[in-house]
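Residue numbering restarts at 1 for every chain, and letters A, B, ... go by the order of the sequence lines.
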Amino acid sequence: MSDTHKAFPFDEFEPKWQSRWDSEKTFRTPNPGEEGFDTSKPKYFVLDMFPYPSGAGLHVGHPEGYTATDIIGRYKRMRGFNVLHTMGFDSFGLPAEQYAIKTGQHPAVTTAANIENFRRQLKSLGFAYDWSREIATTDPEYVRWTQWIFLQLYSSYFCEEENKAKPVSELEAKGWSREEIDNVRLAYVADTPVWWSPDLGTVLANEEVEEWKGKGHAVERRPLRQWMLRITKYAQRLIDELDTLDWPEGIKLLQKNWIGRSEGAEVVFAIEDRSVTVFTTRPDTLFGATYMVLAPEHPFVPEITTEENKDTVEAYKKACSSKSDLDRTDLNKDKSGVFTGAVATNPVNGEQIPVWIADYVMMGYGTGAIMAVPAHDERDFEFAQRFDLAVLQVVQPSDDSDWQGYTAPGTAINSGFLDGMPTKKAKSAMIHWLVENEKGNRKIQYKLRDWLFSRQRYWGEPFPILWKDGQHFAVSDEDLPLLAPPLEDYKPSGSPEPILTKAKEWVQLPDGVTRETNTMPQWAGSCWYYLRYCDPSNSDRFISKEAEEYWTDEKPGMVDLYVGGTEHAVLHLLYARFWHKVLFDLGHVRTPEPFQKLVNQGLIMGEDGQKMSKSRGNVVNPDDVVKEYGADALRLYEMFMGPLEQVKPWQMKGVEGVYRFLARVWRLAITDEGKVSGKIQNTVCTDKELLRVVHETIKKVGEDIEKLSFNTAISQMMICTNAFTQSETVPLKEFTAFLTVLNPFAPHLSEEIHARTCGSEMLSEIDWPVYDEQALIRTECELVVQVNGKLRDRIWMAMDATEEVAKEKAFASAKVKEHIDGKTIRKVIYIPGKIMNLVAN
RNA sequence: GGCGGCUUGGCGGAAUUGGUAGACGCGCUCGACUCAAAAUCGAGUUCCUUGUGAGUGUGGGUUCGAUUCCCACAGCCGCUACCA
């Protein structure tokens, strides 16, 4: 499309309005105490998932969620809310550093350039952000408070009695030793087996491993000393408090499954003079334990293996450790394992059972050891079949299914004192017995691991930690932010030494003090950015008490609405909730949750129905769309595609469709010469039907925005435009009301037309129109008449016609008559204004 | 394997305290305008064997009436993966 074919001059007025909103600070949001702050306005906090500023720039998925929140934000402003809606950049992290290495430029340089490009793109879409609140996680002032929050974690412990975090200073006062305190800090150092990637030069969290492996990076398991965050202490609260949130049930379930709570018991088995603890969810089947399995990495394995089994055990262990993760997930392959030669004693009946090692038992979950009950566990059953181990029935199925491999609840048999008990009762009876005999106890186990929080890379927040004589201590608050030294060479070396160790002068301090050289993962910055939005330039606190109080209300979650993709369903949202809860426990924020309402936008697929990707060549660049059709058309199209949460394919023809709609609105008011059309008249609207459509539109668009049903709001505006087009004249008052409801969707076009037809005030500054109930009322309607549930006729009559009148009219209809002739009317269902169904035979 | 989501014209989708299936848009067809085309405007567009017809993935059920509620099954998409 060449310039001469533009149906309306969006390329002129879109930049014009953008710079006007910018220079007049139209969307600035005042905080309490600031100029323009109005105490009578309620707050509304709407949040986008801030982007990682990649070199590729914005893709069409970004404006989907951003337009949705922009519409909500603009709408709420017009409804008299003080709306907090701003934007920032998640600019630290491994991708930024990999990009810098690839391009040979320092990550600070590429990040700054990328942010600038993102900001340009976002501004070209006319989002009503308060840009004065923009932040980037790499800003030194932001880093300062990220590090400060880390130190809050570092100097806190989880008090089991009160089920909350408290300062470790309380333990000091109680006389706890330094070592004891270090063992309970929420941020602690541990030697743990971690996923290490030589070519990335860093460890990765369990959760990140798959992502980077998918990008072709090697990952291996090795023990390293790392910083961990004690998120497991919050497992139960992270589950329970989901119930207070207005999130999609699917996302809640994902988080619950991730945390993975299971109830059961720990049981202590004896292997000679050693005690091995196993975790089981089925203590009721203890009598059926016919063998035991340890994870190959279990520390007892070398100690209990008999001389004659040593070689096979060693060989098996070696095979397991060299097994890549891929092999392990290559599932449903035959179970493997070897006998250790050792024998364990079943505590409940003294049975001697063989001890095996097998890689189907994971060191990372439970105790790394299981009691195997092959009769009632699929995996154990498969293993027992393979190695010809004893299978003993201890549960009688509740139906006629085969007892072998029966895992559902039933009745205990062959189980001594449990015999005859239903599974549920047998479980608690066994736990009772275990406790009485000091052979075990009730146990709740979580899949959630503590959070591996350190990375060995350069582009992240350094830990504000110093070391002396093997002990760590906090950098004092006044010395924050602690910034990484400028480094020329930040490429991974292939050794697990953090990059920052290369900065020798930075690391070595007087008196034998050294700096911690690990850096934080990208998650750190994104865990609390919404808090900083509330008070972005505060240099005394991460958020002032006043700002925190103002942007919080009585709801459990601070942010009223959070919109973003499902890719963050677990990690980001779980980590942010964890940090927020710690800050809550320590009294720094007054809500227990960060995000009250969460909405996931659906993925936008390529025109071919496939996921957009460079290799498929189906990527749509928003810049191109803006250039061709304008920002309003892009915004409107992305909202018109379908429901926000649904996956939907891109269709360029669809963009043209909404572009044509915008052009129709334009032509309604503006002539080819650029003058106000004579059709627009400042007169009282006498066309009742037109008036009804306009008020219906005001009502529906408002309601649909509240429901986030933007596609149906737009279709109603199209109906309204069609009504205007068909009308002889367009009354200015009603047309302006229409422009006002269109404004959140197509802010540039609506402002421009409004400026030309009414002048004076900016549309963005006026109130949302109020619809007139009277105008909505219909007095007549088309009543649908069915005979035996089938549509036979439509008859005009008064909305409130009585059943008698309606019946009379229905029977008078020839079409109805045809179908009831010779039949007896058995029943009449009449719903005034809607339907009449005659049941006849 | 487990969990979750989805399934409506040629296409994106609309409609639920159960009440006219297919709003709105795309595409297509016809017409107006034009020397012609584009753009624009107007009319039409679920399907077929045009009927007292069929129809919201399939089969059943509840109901005067089901896209909507219940049961069973199938297909597609996403997440997860030996979690004891």
Sugar-phosphate only, base, or nothing, as touched by [X] at under 4.0 Å among non-hydrogen atoms:
X        : answer
A:Thr566 : nothing
A:Lys648 : sugar-phosphate
A:Val784 : base
A:Val647 : sugar-phosphate
A:Gly366 : nothing

Rounded to the nearest angstrom, tell me the gap between atom [atom1] in [X] and atom [atom2] in [N].
X        : N      : atom1 : atom2 : value
A:Ile831 : B:rU20 : CD1   : P     : 9 Å
A:Glu567 : B:rG78 : CD    : C1'   : 12 Å
A:Met652 : B:rG25 : CE    : P     : 21 Å
A:Gln726 : B:rA43 : CD    : P     : 6 Å
A:Asn600 : B:rC6  : CG    : P     : 13 Å
A:Asp704 : B:rA14 : CG    : C1'   : 11 Å
A:Ile835 : B:rG19 : CD1   : P     : 9 Å
A:His568 : B:rC79 : NE2   : C1'   : 15 Å

Short N-O contact, [X] and [Y], less than 4.0 angstrom:
X        : Y        : answer
A:Glu703 : A:Lys699 : yes
A:Glu689 : A:Arg692 : yes
A:Glu266 : A:Lys439 : no

Which value, in whole Å, describes the distance between the [atom1] atoms of nucleotides [N] and [M]?
N      : M      : atom1 : value
B:rG9  : B:rG22 : P     : 14 Å
B:rU7  : B:rU62 : P     : 26 Å
B:rU68 : B:rU17 : P     : 14 Å
B:rU29 : B:rC79 : P     : 40 Å
B:rU56 : B:rU20 : C1'   : 15 Å
B:rA37 : B:rU50 : C1'   : 38 Å
B:rC69 : B:rG5  : P     : 13 Å
B:rC24 : B:rC33 : P     : 27 Å

Which nucleotide wins on minimum distance to the side chain of [X], given the candidates [options]?
X        : options                : value
A:Leu253 : B:rG25, B:rG19, B:rG4  : B:rG4
A:Asp359 : B:rG53, B:rG13, B:rC82 : B:rC82
A:Val361 : B:rA84, B:rA54, B:rU20 : B:rA84
A:Arg664 : B:rG25, B:rC24, B:rC3  : B:rG25
A:Ser715 : B:rA84, B:rA23, B:rG13 : B:rA23
A:Asn257 : B:rC82, B:rC3, B:rA84  : B:rC3
A:Thr280 : B:rA84, B:rC82, B:rG13 : B:rA84
A:Lys827 : B:rG25, B:rA84, B:rC64 : B:rC64
A:Ile829 : B:rC26, B:rC82, B:rC64 : B:rC64
A:Pro649 : B:rG53, B:rG12, B:rA15 : B:rG12

Watson-Crick or G-U counterpart of [N], or none if no pair lies under 3.5 Å:
N      : value
B:rA38 : none
B:rU17 : none
B:rU7  : B:rA74
B:rG12 : B:rC24

Just say parallel, tilted or perpendicular for the rings of A:Trp356 and A:Phe387, cut-offs at 30° and 60°.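 A:Trp356 and A:Phe387: tilted rings.
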Where does the angle between the aromatic ring planes of A:His572 and A:His568 fall among parallel (under 30°), tilted (30 to 60°) and perpendicular (over 60°)?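 If you compare the ring of A:His572 with that of A:His568, the planes turn out perpendicular.
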Can you tell me if the side-chain N/O atoms of [X] get under 4.0 Å from OP1 or OP2 in [N]?
X        : N      : result
A:Thr712 : B:rA15 : no
A:Gln646 : B:rG13 : yes
A:Lys790 : B:rG19 : no
A:Arg667 : B:rC41 : yes
A:Asn722 : B:rG25 : yes
A:Arg660 : B:rG27 : yes

For A:Asn837 and A:Leu254, take the nucleotide of RNA chain B holding the closest heavy atom to each; which residue's nucleotide lies nearer the 5' end?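 Going by which nucleotide is closer to the 5' end, it is A:Asn837.
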Nearest-nucleotide wise, let me know which of A:Met363 and A:Gly654 is further upstream toward the 5' end of RNA chain B.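 Mapping each residue to its closest nucleotide by heavy atoms, the 5'-most match is A:Gly654.
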Where the chi angle of B:rG13 falls, syn if within 90° of 0 and anti if not: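 In terms of base orientation relative to the sugar, B:rG13 is anti.
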Under the 3.5 angstrom rule, does the side chain of A:Asn618 hit a backbone N or O of A:Glu607 as a donor-acceptor pair?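 The answer is no, because no donor-acceptor pair under 3.5 Å joins these two groups.
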Counting neighbours of CZ on A:Arg449 that are heavy atoms of other residues, nucleotides or ligands and sit closer than 6.0 Å, is the number greater than 12?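 Yes, enclosed.
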Suppose we call a contact any N or O donor and acceptor under 3.5 Å apart; does that hold for the side chain of A:Lys653 and the base of B:rC11?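 Answer no: no donor N or O sits under 3.5 Å from an acceptor.
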May I ask you to test the A:Met836-A:Ile829 pair for a side-chain heavy-atom distance under 4.5 Å?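 Result no, sub-4.5 Å side-chain heavy-atom pair not found.
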With no hydrogens and no angle check, just 3.5 Å: does a side-chain donor-acceptor pair link A:Tyr446 and A:Gln236?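 On atom types as modelled, these side chains qualify, holding a pair under 3.5 Å.
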